[in-house]
Structures are given as C-alpha cells and as structure tokens.
Amino acid sequence: MRRFRYPVDTDQFAEIRQKGLVYVDKTDIMFDLVDKYKYVFLARPRRFGKSLLCNTFKAYFQGQKELFEGLKIMELEKEWKTYPVLHFTMSGLKNLKISEAKTKLESMIRGYEDRYGRDPLSITPGDRFRDLIHNARKQTGEKVVIILDEYDAPAMRLLYEKEQLEAMRMMLREFYQVLKDEGEYLKFVFITGVTKFSQMSIFSELNNLKQISMYDEYSGLCGITQKELDTALRPCVEDYAEALQITTDEAYALLKKNYDGYHFSRNSEDVYAPFSLLNALDGGNTDYYWFESGTTTSLIEHLQHYPIKTALEYDGVEVGINEFNVSCENASTPMPLLYQSGYLTIDSYDPMLKTFTLHFPNLEVREGMVSGLMPLILKRSTADGNSLTRNMASSLFKGNLPGALTALRSYIAKIPYDIITKEEWDDKESRESFYKLLMYMAFSMLNSIVDTEVKSVLGRADVVVKTKSDIYVLELKVDDSVDNALDQINSKGYSIPYEADGRKVTKCGVSISSEARNIVHWRVVDEEGNVVDEQKFI
C-alpha cells in the first residue's frame with residue numbers, strides 16, 4: 001500500500017500543508033533570501049515549482065504561521081509579522097490580445113482594490129497599482145510585499161511579432177515602473193519567469209533587481225535536489241521501488257536517468273524536474289510528464305523561426321557567460337531560449353576558459369525533443385519513429401545487431417528526398433551533418449527502451465548501446481569506409497571503458513553513402529577483432 005500523497009495537481013502551499021501532501025522543505029533558503037535582498041528575480045523552466053514558491057512566500061508574509069509548523073523556518077523566524085501581499089500571476093495574460101490583456105490586468109488589480117480601496121481619478125494599470133501600494137501601506141501600517149509570477153508569460157507568444165511585442169511591453173511598462181518608483185513602500189519584491197526580455201522595463205529600469213538565477217546557493221530553491229531525494233524523499237523512492245518490483249538502488253538509477261541533470265550555476269546542486277519526478281513517484285512509472293503537459297508544442301512554435309535541426313546541434317555546445325544573458329527576442333540562435341526554457345542545462349564549467357558546456361539534462365528531455373522534431377525534420381510520422389524504435393530494440397535484446405541496422409536502413413529508405421535542398425546535398429559538410437543528425441535522432445529514440453549513449457551531433461558520431469547481456473560500440477562514417485570507422489574505435493579506445501563490465505562487447509563500423517542516401521556497408525567484430533557479420537549493399 002502506498003504511504004504518501006503527492007501534490008501532482010496543485011501548487012497551493014496551504015492546500016499541500018493542510019492535506020498532508022509530500023512537501024520538500026526549502027523554507028530556510030527562503031528566509032535567507034528575504035534576509036539578504038529586497039528585489040529578487042528567479043528564472044526557472046516551466047513546471048519547476050516557481051508558482052509553489054510564490055505561494056509559499058505569500059503565506060509566509062501573510063503570517064500564516066500554522067502552515068509552517070515543523071518546517072525549518074520555525075527555528076529562524078521569531079516575529080511572524082503580517083504584511084499586505086499583492087500577488088499577480090501573469091500567466092493569466094498570455095494568449096490574449098493587447099486590449100484583452102489590459103482588461104485582465106485591471107481585473108487582477110480590482111481584486112485588491114476591493115480590499116484596500118481605489119482612487120477614481122486613477123485610470124491606467126500603473127496608476128492604479130501605485131495607489132494600491134499606497135493604500136495597503138496606509139491601511140495596514142506595514143510595507144507591501146509584491147509577488148509577480150511568470151512575468152514573461154504575456155510576451156512569450158509575441159516573441160516574433162515585433163509590433164505586438166512592443167505594444168505589450170508599453171502596456172506593461174508603467175505597471176513595472178511602479179516597482180522602482182515606490183521602493184520606500186515595499187518590503188520585498190519577488191519576480192519569477194522563464195526567459196529574459198531585454199526590452200521589458202522590469203530589467204532596463206529596475207536596476208536594483210537581484211538576479212539569483214545563477215547563484216550557487218539558490219540553485220536548489222526550485223526543483224528537488226539529489227540530497228533531498230536521498231534524505232527527505234527516500235521513503236518515497238522505496239515505495240516507488242516496491243511498486244515497480246525493483247531494488248531501491250535501481251529505482252534511484254531510473255529516476256536519475258529520466259528526470260535528473262539540471263544545473264543552474266557553476267557549482268549547482270544536482271536538481272530533478274519536480275513535476276516529472278513527483279508524478280513518477282505518484283504513479284509508480286517513468287512516463288514523460290514534462291512533454292505531455294504541452295511543452296513540445298510551445299517549443300516547436302518557437303523553433304519554427306530557426307532552422308529546426310539546429311536545436312539538436314546545441315546538445316554539447318560551449319558558450320560564454322554573456323551568451324546566457326542574450327534576450328530571446330534579440331537572439332540569432334535558439335540557444336538562449338533552449339537554455340532558459342530548460343531544454344538545455346549546464347553540464348560543466350571551465351574556470352580557465354570561462355565557458356559552460358550545455359547538454360540535454362536527461363532522457364525525458366532528449367527523447368521529447370527528438371520525438372517532437374523528428375516528424376518535422378525527417379518528414380516521417382511519430383508512429384513510424386516508434387515502430388523503428390520497437391524493431392531495433394527487439395533485435396538488440398536478442399543480440400542481433402545486424403537486425404537492428406537492417407530496420408534502420410529500411411526506415412532511412414523511406415525518408416523523402418526533398419528534406420534538404422540540392423545545395424545542401426552538394427555540400428559535403430551539410431551531407432555529413434544531416435546523416436549524423438539522422439543517426440542521433442534514431443538512437444536517441446531507441447534510448448526509451450535500451451540504454452543508449454549518443455555523442456553530440458557536432459562531435460564524433462559514435463554510439464554505445466547497452467542491453468542486459470551486450471554492449472555495442474558503433475562508429476558511423478559518411479562517405480567513408482568501415483575500415484576507418486573501426487580503426488577509430490580502436491585508436492580512440494572507445495570500447496576500453498566497457499571491457500571490465502562483464503557483458504559481451506561488440507564493435508561495429510557503419511558506412512553511409514550520401515549518393516545512395518542510406519547505409520551501404522557495416523562490419524561487426526567481436527572483442528578479439530573477428531568479423532561476426534558483414535553486409536554490403538553496393
């Protein structure tokens with residue numbers, strides 16, 4: 001019998017605490033943040049717990065002490081004063097016309113005016129917001145707390161419509177300007193979002209806003225850290241393991257592979273995606289919840305404005321610190337959007353070169369990206385991709401690598417010829433990039449069933465596939481020989497890390513011809529170098 005109930009359908013702190021749902025205590029970090037700063041901005045991907053954090057701040061500043069019983073903040077907070085809190089969730093303004101968004105914002109302001117009063121001479125949202133702050137301060141005798149959740153939501157769908165984006169910015173400009181002008185009336189301002197907009201006045205004019213998004217000490221403020229999963233949530237993982245009839249260690253490995261891998265600073269804590277992790281623990285499975293919640297659709301809408309295949313090429317990209325600060329509406333590549341939205345995360349930091357290496361954080365994100373983009377890039381349906389995955393996995397589980405390659409070759413043969421232009425075909429580098437991308441996508445899809453490691457599209461095109469009994473090390477060459485492919489496996493020592501694994505290690509060189517537009521030759525060899533299978537199609 002499951003012992004725990006999870007907050008999989010609510011971000012309301014009060015409801016979570018009152019119903020005894022699983023809650024990971026971060027109130028000591030919150031207390032530290034309030035103690036240090038007055039104006040705070042935190043950027044995190046969607047479905048990462050920002051709204052729950054905002055609601056927790058709201059309950060704290062409203063003095064709802066009873067909701068915090070047993071939490072760390074009880075040992076830190078001594079006064080428990082009650083402050084007026086103005087909490088605006090700006091996601092309510094997204095997908096609206098400018099006039100509709102203005103009306104919605106005014107309605108949100110009106111909800112607080114019913115409590116604190118309104119000056120009938122104030123007309124614009126900015127003037128009404130200013131009066132609201134003054135009235136709340138006057139009525140309560142305390143400074144005002146402002147919480148703006150998902151500040152960028154109204155503008156995200158307007159990212160590539162410059163006139164509409166500018167109109168939205170101007171409508172919101174005076175509203176955000178109030179935060180700077182009325183500082184003497186404010187106790188604490190907390191703002192969350194996904195992306196940075198350079199032209200939004202919240203950044204250009206609120207120059208004392210502390211952006212903690214890349215601070216090591218706040219890297220675990222949203223999401224669930226490895227330490228929290230190992231300690232506070234360990235009983236939950238044990239329940240999860242029991243539901244799947246696996247060991248606790250196996251459960252940890254499964255959760256880590258699918259939902260871990262987020263890093264938000266140079267020395268970030270290891271962070272799991274909370275929405276996916278908690279749903280997995282609740283359901284006792286490993287479904288891909290983040291993408292099922294509509295993430296892919298939104299991403300593809302944005303990527304339509306760039307060469308779509310370049311999105312996958314950023315897995316493994318190296319960037320400098322300034323590239324994180326490029327606003328999405330001014331970016332010439334999708335990299336800032338992919339990072340800020342959580343599709344890429346920091347994998348490592350080189351202090352000498354001051355560069356960050358970015359990767360897809362986990363299997364859920366990588367497969368979601370690939371499955372979402374495959375129909376657009378290769379013009380094959382998702383069902384075709386799933387069929388390929390099942391056929392390849394079925395062969396690999398039987399120790400039949402040639403069968404898996406045969407399935408892949410059949411899939412490639414059905415890809416339309418017009419997916420890249422004649423100019424791209426005529427350029428050798430473009431041809432190679434395309435086939436590396438194709439292999440990357442195929443083997444990434446396979447990772448949903450078989451443990452597959454695929455190198456970056458921009459790096460060498462080697463692949464490692466693991467089953468319970470076998471490890472396959474493949475090197476893929478475009479317009480080159482299988483001899484060179486196998487030589488590279490041996491000279492670079494790609495198979496050496498697996499020699500002590502205990503499973504059978506098989507090497508395979510694969511040659512792809514851009515003229516034939518398919519795999520034309522493979523050679524499979526065992527650990528001693530003996531040829532166990534070879535197929536030529538020319």
Side-chain angles (χ1 to χ4, degrees), residues 33-43 50 54 57-58 60-62 81-93 98-99 101-155 158 165-193 195-213 325 327 329:
L33 189 61
V34 173
D35 186 56
K36 286 182 179 178
Y37 306 115
K38 180 174 180 178
Y39 292 88
V40 177
F41 172 75
L42 175 68
K50 300 188 298 296
C54 287
F57 270 123
K58 181 178 181 180
Y60 167 63
F61 281 110
Q62 288 180 335
K81 292 177 65 175
T82 299
Y83 297 92
V85 179
L86 305 180
H87 180 189
F88 297 88
T89 302
M90 306 303 284
S91 60
L93 277 62
I98 306 301
S99 59
K102 181 180 179 182
T103 299
K104 180 70 173 181
L105 179 59
E106 291 172 339
S107 176
M108 294 163 65
I109 294 172
R110 187 179 307 113
Y112 288 107
E113 288 174 336
D114 291 342
R115 183 185 310 172
Y116 297 114
R118 175 186 176 182
D119 184 342
L121 297 179
S122 295
I123 303 299
T124 67
D127 285 342
R128 291 171 63 180
F129 188 30
R130 190 187 316 275
D131 288 343
L132 192 57
I133 293 172
H134 287 197
N135 291 341
R137 173 75 166 95
K138 182 177 181 180
Q139 284 190 28
T140 64
E142 299 291 346
K143 290 187 175 183
V144 180
V145 173
I146 305 293
I147 299 173
L148 291 177
D149 192 14
E150 298 189 51
Y151 92 95
D152 52 351
L158 304 176
L165 179 61
E166 176 64 13
M168 180 67 77
R169 183 186 72 83
M170 293 303 295
M171 190 275 287
L172 294 172
R173 181 183 178 88
E174 64 161 357
F175 183 78
Y176 292 140
Q177 173 69 34
V178 171
L179 298 176
K180 178 181 179 180
D181 295 344
E182 306 304 322
E184 64 178 301
Y185 293 90
L186 302 178
K187 166 67 177 177
F188 184 69
V189 176
F190 186 64
I191 304 166
T192 78
T195 60
K196 175 183 175 181
F197 285 80
S198 65
Q199 299 305 313
M200 297 287 275
S201 63
I202 198 168
F203 288 104
S204 61
E205 297 181 19
L206 195 58
N207 51 20
N208 55 348
L209 184 66
K210 183 62 64 174
Q211 298 197 49
I212 64 167
S213 306
N325 294 323
S327 60
E329 80 272 23

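The structure displayed is predicted, hence computed values, not measured ones.
At least one side-chain heavy atom of Leu105 sits under 4.5 Å from a side-chain heavy atom of Met171. In this structure, Phe57 and Leu33 have side chains that are in contact, with non-hydrogen atoms separated by less than 4.5 Å. Inter-residue side-chain proximity for Phe190 and Val34 is flagged as unmet; no heavy-atom pair is nearer than 4.5 Å. Between Ile109 and Arg118 there is no side-chain heavy-atom pair separated by less than 4.5 Å. Residues Glu182 and His134 form a side-chain contact, since some pair of their non-hydrogen atoms from C-beta on lies under 4.5 Å apart. His87 is listed as a side-chain neighbour of Cys54, based on a closest heavy-atom distance under 4.5 Å. Between Ile146 and Phe188, the closest side-chain pair of non-hydrogen atoms is not below 4.5 Å. Thr140 is listed as a side-chain neighbour of Tyr116, based on a closest heavy-atom distance under 4.5 Å.
In this structure, Tyr151 has its ring center at least 6.0 angstrom away from the ring center of Phe175.
At distances below 3.5 Å, at least one donor-acceptor pair connects side-chain atoms of Tyr39 with backbone N or O atoms of Leu179. The main-chain N or O of Ala43 is found under 3.5 Å from a side-chain atom of Ser213 such that the two form a donor-acceptor pair. Lys38 contributes a side-chain N or O that, together with a main-chain N or O of Gly183, makes up a donor-acceptor pair within less than 3.5 Å. The backbone N or O of Gly117 lies less than 3.5 Å from a partner atom in the side chain of Asn135, making a donor-acceptor pair.
Nearest heavy atoms, Ala153 versus Ser91: CB-CA, 3.6 Å. Closest approach of Pro154 to Met168, counting heavy atoms only: O-CE, 3.7 Å. Residues Lys104 and Gly92 approach most closely at CG-O, 3.7 Å, considering heavy atoms.
The distance from atom CD1 of Ile133 to atom CD of Glu184, rounded to the nearest 0.5 Å, is 11.0 Å. Between the OH atom in Tyr176 and the CZ atom in Arg169 there is a gap of 12.0 Å [rounded to 0.5 Å]. The structure places CZ of Arg130 at 8.0 Å from OG1 of Thr124, a figure rounded to the nearest 0.5 Å. Separating the CD1 atom in Ile212 from the NZ atom in Lys36 is a distance of 10.0 Å, to the nearest 0.5 Å.
Taking the six-membered ring where tryptophan is involved, the planes of Tyr83 and Phe61 are perpendicular, since the angle between them exceeds 60° and thus also 30°.
Of the residues Leu172, Leu158, Thr103, the one that meets the side-chain contact (heavy atoms from CB on, under 4.5 Å) test with Ile98 is Leu158. With respect to Ile191, the side-chain contact (heavy atoms from CB on, under 4.5 Å) criterion is satisfied by exactly one of Leu148, Ile147, Val40: Leu148.
With sequence neighbours left out, the salt bridge (Lys or Arg N to Asp or Glu O under 4.0 Å) criterion links Asp119 to no other residue. In this structure, Glu150 has no salt bridge (Lys or Arg N to Asp or Glu O under 4.0 Å) partners at least two apart in sequence or on a different chain.
Between Arg110 and Glu113 there is no salt bridge, since none of the side-chain N atoms of the basic residue sits less than 4.0 Å from a carboxylate O of the acidic one.
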Open item on the list: As a quick check of understanding, evaluate salt bridge (charged side-chain N to carboxylate O under 4.0 Å, His left out) for Lys81 and Glu142, giving each step before the final call.
Closed with: CA-CA 9 Å; Lys81 292 177 65 175; Glu142 299 291 346; 3.3 Å; yes
- [ ] Would you check, one step at a time, whether the test ring-ring contact (aromatic ring centres under 6.0 Å, His included) holds for Phe129 with Tyr112?
- [x] CA-CA 9 Å; Phe129 188 30; Tyr112 288 107; 9.2 Å; no
- [ ] I would like to know whether Leu93 and Met108 meet side chain to side chain contact (heavy atoms under 4.5 Å, CB included); could you show each step before the answer?
- [x] CA-CA 10 Å; Leu93 277 62; Met108 294 163 65; 3.6 Å; yes
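Side chains of Asp149 and Thr89: a donor-acceptor N/O pair is absent below 3.5 angstrom, by distance only.
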